[in-house]
**Q** 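I'd like to ask some things about the structure below.
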Amino acid sequence: MIYFIKIIIATLVIVLVTELSKKDTKLAALLLALPIISFTAYTIIWFESRDTDKIAKLANENFLYILPVMPVLPLFTIT
């Protein structure tokens, strides 16, 4: 059941961003820039295991993976 909830949450965020981008790209970009998926994942991990070390490690690795991606994002703006 928990996998179904995870899939629904992820799908809703993706659909919301894609549909919102058709009307207002700035608002869609803001939603996309929010760490909504990260916080959702941390919350689900907390309710499943109550393992703060796992959440801390995931947050740290998430931060480390975001840093190299940031310089690539402007490449998507080239038309």
Side-chain angles (χ1 to χ4, degrees):
M1 182 66 177
I2 192 76
Y3 290 113
F4 182 70
I5 294 170
K6 291 176 187 179
I7 291 169
I8 294 297
I9 291 170
T11 305
L12 285 175
V13 170
I14 292 168
V15 169
L16 182 63
V17 168
T18 55
E19 290 301 314
L20 194 56
S21 70
K22 294 175 185 177
K23 298 177 182 176
D24 187 2
T25 55
K26 288 182 182 179
L27 193 55
L30 177 64
L31 180 62
L32 195 58
L34 293 174
I36 218 166
I37 299 299
S38 299
F39 286 130
T40 304
Y42 302 151
T43 304
I44 291 172
I45 291 170
W46 170 254
F47 282 115
E48 286 180 352
S49 67
R50 307 267 185 209
D51 188 357
T52 56
D53 291 332
K54 182 187 285 188
I55 295 170
K57 185 176 179 184
L58 179 62
N60 185 37
E61 290 175 2
N62 186 16
F63 176 72
L64 293 176
Y65 284 126
I66 287 173
L67 290 177
V69 171
M70 294 300 280
V72 177
L73 290 177
L75 294 177
F76 291 114
T77 63
I78 299 172
T79 57

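Heavy-atom basis, side chains included; hydrogens, waters and symmetry copies ignored. A quick note: this is a predicted structure, and the numbers were derived from the prediction, not measured. In this chain, numbering begins with 1 at the start of the sequence shown.
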**Q** Do Ile7 and Ile14 share a hydrophobic cluster (ILVMFWY, side-chain heavy atoms under 4.5 Å, transitive)?
**A** no
**Q** Measure across Thr18 and Ser21 and return the closest heavy-atom pair with its distance rounded to 0.1 Å.
**A** O-OG, 2.7 Å
**Q** Exactly one of Leu12, Val17, Val13, Thr11 should register a side-chain contact (heavy atoms from CB on, under 4.5 Å) with Val15. Which one does?
**A** Thr11
**Q** Phe39: which residues meet the side chain to side chain contact (heavy atoms under 4.5 Å, CB included) condition with it, sequence neighbours left out?
**A** Pro35, Tyr42
**Q** When rounded to the nearest 0.5 angstrom, what distance separates OH in Tyr65 from CG in Asn60?
**A** 10.5 Å
**Q** Tell me the side-chain hydrogen bond (donor to acceptor under 3.5 Å, both in side chains) pairs involving residues 46-56, sequence neighbours left out?
**A** Lys6-Glu48
**Q** Shared ILVMFWY cluster between Phe63 and Val69, side chains joined below 4.5 angstrom?
**A** no
**Q** Roughly how far apart are Leu67 CG and Asn62 CG, rounded to 0.5 Å?
**A** 10.0 Å
**Q** Going by the rule side chain to side chain contact (heavy atoms under 4.5 Å, CB included), which residues pair with Thr40 if we only count those two or more places apart in sequence or in a different chain?
**A** Ile9, Ile44
